[in-house]
Amino acid sequence: MIPGVSTAVILRQTIRAGRSSGVAALLGNETGIFLWAMAAVFGLSALVLASEVAYGVMKAVGAALLIVMGVQSLWKARRAPEALGPPLPYGGGEARGGWRRSYGLGLATCGANPKAAVFAMSFLPQFVPQGAHVPLTLTMLAVIWVVVDVVWYVGVIWLIGRAGAVLGRPAVRRRLEQVSGTVLVALGVRVALEAR
């Protein structure tokens, strides 16, 4: 629940194009979370931990993705508020660029995040009781992880949607694009510079 890369992408999509876009980004992110958890179940994410090259490539791709999204937001914010279009309807509008694009952004952001692999490998196994069926227990824990994430983010998306009347104004959207662009670029730089 601590804001990070996933939160930034989900909020960005919700503010840009409404609740449906935010939910699509959320579902993409959670698909990525579940895939990382399943990779941990079958030992595949251990490859990311063991291989400097795999970890470095994922880190570079993740950082580049965040920086590109941040630069796009900053570029969009340079336009006059009126150029952003009319205010979004209260509660958010339909996803510009489509549901698939937002889903893909959520999935790509999570998939290119080596920290998700590390978290799945190091956190989930701690909760497997001795003598339990390990793959089944890890799968159940992965489902719980995804459900908790979905409940949390749906609440966040709903709150952002409720503020849609204010957040949908072009001048406010321009400022939010500036803030989200700056945050995404900063997160991308942080991911790129972080030590393993």
Side-chain angles (χ1 to χ4, degrees), residues 1-49 51 54-73 76 92-124 138-139 141-158 160-161 177 180-181 183-192 194:
M1 293 176 190
I2 296 170
V5 174
S6 297
T7 303
V9 171
I10 292 166
L11 290 179
R12 174 183 182 257
Q13 291 306 110
T14 303
I15 291 166
R16 270 188 154 190
R19 286 180 181 158
S20 62
S21 186
V23 169
L26 163 63
L27 293 176
N29 183 71
E30 297 314 311
T31 300
I33 293 286
F34 190 74
L35 291 174
W36 275 125
M38 290 299 92
V41 168
F42 296 106
L44 300 177
S45 54
L47 296 174
V48 173
L49 292 173
S51 170
Y55 189 88
V57 167
M58 284 186 61
K59 191 167 92 163
V61 168
L65 179 66
L66 291 171
I67 290 169
V68 166
M69 287 192 308
V71 168
Q72 286 174 341
S73 288
K76 186 174 181 178
E94 287 304 309
R96 287 191 196 95
W99 188 89
R100 273 186 275 194
R101 182 174 186 278
S102 290
Y103 179 87
L105 281 173
L107 180 61
T109 301
C110 184
N113 184 359
K115 292 206 169 206
V118 171
F119 187 80
M121 277 296 292
S122 61
F123 184 72
L124 293 181
L138 285 173
T139 301
L141 290 171
V143 169
I144 291 168
W145 180 9
V146 167
V147 168
V148 168
D149 260 12
V150 167
V151 169
W152 170 254
Y153 283 123
V154 163
V156 170
I157 291 167
W158 181 83
I160 296 296
E177 289 286 352
S180 70
V183 167
L184 287 168
V185 169
L187 285 170
V189 169
R190 190 182 90 184
V191 166
E194 268 182 339

Looking at every heavy atom in both Ser21 and Gln13, which two are closest together, and how far apart are they?
OG-NE2, 3.3 Å

Run the ring-ring contact (aromatic ring centres under 6.0 Å, His included) test against Tyr103 and tell me which residues pass, sequence neighbours left out.
Trp99

Results of side chain to side chain donor-acceptor pair (under 3.5 Å) for Ser6 - residues two or more places apart only
Asn29

Would Thr7 and Tyr153 count as a side-chain contact (heavy atoms from CB on, under 4.5 Å) if you check the C-alpha gap in whole Å, the side-chain angles of each, and the deciding distance to 0.1 Å?
CA-CA 8 Å; Thr7 303; Tyr153 283 123; 2.8 Å; yes

Output the distance between atom OG1 (Thr139) and atom CD1 (Ile144), rounded to the nearest 0.5 Å.
11.0 Å

List in chain and number order the residues that pass side chain to side chain contact (heavy atoms under 4.5 Å, CB included) with Val185, two or more places apart in sequence or in another chain; answer none if no residue qualifies.
Val71, Leu74, Val189

Could you tell me which non-hydrogen atom of Leu107 sits nearest to which non-hydrogen atom of Gly32, and how far apart they are?
CD1-N, 3.6 Å

Here the pair of heavy atoms bringing Asp149 nearest to Leu26 is O-CD1, 4.4 Å

Measure the CD1-CD1 distance between Ile157 and Ile160 for me, rounded to the nearest 0.5 Å.
9.0 Å

If you take all heavy atoms of Arg12 and Leu105, which pair is closest and at what distance?
NH1-CD1, 4.0 Å

Considering all heavy atoms, the nearest Cys110-Trp36 contact
O-NE1, 3.1 Å

